[in-house]
Amino acid sequence: MSQTVEQLQDLIAGPVLAPGDPGFDAETFTFNTTVNARPALVVGALDRHDVAAAVRFAAEKGFTVAVTSTGHGAVPGGMDGALVINTSRLKEISVDPQARTVRVGAGNRWAEVVQACAPFALMPPAGAAPSVGVTGYLLGGGLSPLGRAFGFAADHVHALELVTADGVHRRVDADTHKELFWALRGGGGGFGVVTAVEIGLFPVSTLYGGTVFFPGQQAADVLRAFRDWNDNRLPDEACGSLALQRLPDLPHLPEPLRGRFVVALRYAYPGDPAEGARLLAPLRAAADPILDTVGELPLTEFGAIHNDPAGPMPAWDRGDLLPALPDEAIDALLTAAGAQVADAPILVELRRLGGALARTPRHDNALSVRDAAYTLFVVDAPGAPSGSRLFTTMALWTRGAGLPTMRGEAPVATTPETAARLAEIKKTWDPAKLLR
């Protein structure tokens, strides 16, 4: 292997590492610590030329290629035996406030992009967690806390730059390589190694958002109020999700929440705070809150809406889609995850879809399932049976498939026509299945 490393290092400006080399584990970091990455080699690409050279070398030597950046999207076995290209060093952010676009390198995270756009009162379709990488999120569709207002993040990708399986760096947009452009936006990875993206931005000067925490014992009342609120012809700008959470007894949490089972109502409204408060009022009155953090937020504090974990952790997760949320589904959910369940999952989230998420964008993409009413997303401890048990309980009301960026162990929700089209595009651009 040392000879292979030397041969590749002659072609690459960044580091080339084999298992056991200092720094190897850092290059294959995964946010989910249960994922044990076992690649054959890792290339720390410094630029697109490194990416292209690594892809050509892999094809010549018989390796498959996997890609990592921030490690949030890593899956078990996804890097095993592969030549892994780490694109975390490919960082650049260039905002065009007149065009309302931003060019972003493959290694950037959403916190960095929002920080750059906020001075212009512009907001990208960022994910809930500031530490999530931009590229993988966009390739998988991207469900923002403001998704009902803006649509899927992939709907607003104007162009991508990537190295395809033939080792050529290309720019792909609505006018160039149209089929590949369609597939890359929501079709997941495996079509090329992205080096940069251009994304549309939205005029937002302030956010009205945060979380209202209710006692877990009042989950039934809050869930029904949440369902009725969503059924009441809300404007697209009113974005919300509801999470049943088992919170640890840790000092960094507010004292009223430590060690408690709570119902967390996450709310985001990209408009006038007074109107945002008026729309939220019926839900605030659904039960007696423990803590209410909803208020005006600077754009750079968008992570405070969901308060996702900032650091790596071991986790099992799975997502699914619900066409509706009838009383029977709410009862079943609480049977599997309510206050009386001693071993319930750590987090069970229902996020309202619809609005702009349900509309086909100007340039169609691979997100072919847009008619669901909710996503159901569950996080549990690795090896715990409660998460899988919950999906068995909910099987009458779910589709058995999730959104690309929130599917966990479930398959991706798609149509047979979309799946066939993606397979043909893969065959065209990567006939040897070099790219994972």
Side-chain angles (χ1 to χ4, degrees), residues 11-14 43-59 65-70 73 83-96 99-110 112-113 116-117 124-127 132-142 152-201 361-366 404-405 422 425-426 428-430 434-436:
L11 306 172
I12 303 290
V43 170
L46 295 187
D47 54 28
R48 64 186 179 92
H49 303 292
D50 276 0
V51 174
V55 169
R56 290 192 294 266
F57 183 88
V65 173
V67 185
T68 187
S69 177
T70 66
L83 188 158
V84 170
I85 301 175
N86 185 325
T87 60
S88 63
R89 296 171 178 82
L90 274 61
K91 289 195 171 188
E92 60 170 306
I93 301 175
S94 178
V95 182
D96 185 336
R100 292 182 183 169
T101 61
V102 60
R103 176 184 167 87
V104 181
N108 285 106
R109 301 171 186 253
W110 280 118
E112 299 163 325
V113 180
C117 296
V132 165
V134 172
T135 303
Y137 170 88
L138 292 173
L139 294 176
F152 287 102
D155 298 344
H156 304 286
V157 174
H158 292 192
L160 304 99
E161 295 179 10
L162 72 159
V163 175
T164 46
D166 56 3
V168 176
H169 190 262
R170 305 173 188 275
R171 178 183 170 87
V172 178
D173 57 28
D175 299 316
T176 308
H177 307 302
K178 295 180 182 180
E179 281 292 278
L180 186 55
F181 183 59
W182 175 88
L184 287 164
R185 294 171 301 125
F191 298 98
V193 183
V194 174
T195 59
V197 294
E198 293 178 15
I199 316 164
L201 302 171
R362 176 186 172 196
H363 300 295
D364 193 14
N365 57 37
T405 46
L422 286 169
I425 295 168
K426 174 70 171 176
T428 298
W429 286 96
D430 186 15
L434 174 72
L435 306 169
R436 296 188 182 183

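Any value given below was found using the heavy atoms of this structure, including those in side chains, with hydrogens, waters and symmetry copies removed.
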Student check: side-chain heavy atoms of [X] and [Y] closer than 4.5 Å:
X      : Y      : answer
Val157 : Asn365 : no
His156 : Arg100 : no
Ile12  : Phe57  : no
Leu435 : Lys426 : yes
Thr101 : His158 : yes
Thr87  : Thr195 : no
Phe181 : Thr176 : no
Ile199 : Val134 : yes

From CA spacing to verdict: side-chain contact (heavy atoms from CB on, under 4.5 Å), Trp182, Val172: CA-CA 10 Å; Trp182 175 88; Val172 178; over 6 Å; no
Could you grab the distance from atom [atom1] of [X] to atom [atom2] of [Y], nearest 0.5 Å is fine?
X      : Y      : atom1 : atom2 : answer
Arg109 : Thr135 : CZ    : OG1   : 11.5 Å
Arg103 : Asn108 : CZ    : CG    : 11.0 Å
His363 : Asp175 : NE2   : CG    : 7.0 Å

Any residue meeting side-chain contact (heavy atoms from CB on, under 4.5 Å) with [X], in chain and number order, not counting sequence neighbours:
X      : value
Lys178 : none
Thr164 : Leu162, Asp166, Val168, Arg170, Leu180, Trp429
Ala45  : Asp50, Val51, Ile85, Leu90

On a heavy-atom basis, which atom in [X] and which in [Y] lie closest, and how many Å separate them?
X      : Y      : value
Pro124 : Val113 : CG-CG1, 4.0 Å
Arg436 : Ala66  : CD-CB, 4.3 Å
Thr70  : Val132 : OG1-C, 4.4 Å
Asp173 : Ala159 : CB-CB, 4.0 Å
Ser69  : Ala106 : OG-O, 3.3 Å
His169 : Val163 : CD2-CG2, 3.7 Å

Under the salt bridge (Lys or Arg N to Asp or Glu O under 4.0 Å) rule, what pairs show up with a residue in residues 184-197, not counting sequence neighbours?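 Residue pairs with at least one partner in residues 184-197: there are none.
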Run the salt bridge (Lys or Arg N to Asp or Glu O under 4.0 Å) test against Asp96 and tell me which residues pass, sequence neighbours left out.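 Asp96 satisfies salt bridge (Lys or Arg N to Asp or Glu O under 4.0 Å) with no other residue.
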Please assess Val95 against Leu201 for the test side-chain contact (heavy atoms from CB on, under 4.5 Å), listing each intermediate value before the final yes or no. CA-CA 9 Å; Val95 182; Leu201 302 171; 4.1 Å; yes
Go through the structure and list residues passing ring-ring contact (aromatic ring centres under 6.0 Å, His included) with Tyr137, not counting sequence neighbours.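 For Tyr137 the ring-ring contact (aromatic ring centres under 6.0 Å, His included) partners, ignoring immediate neighbours, are Trp110.
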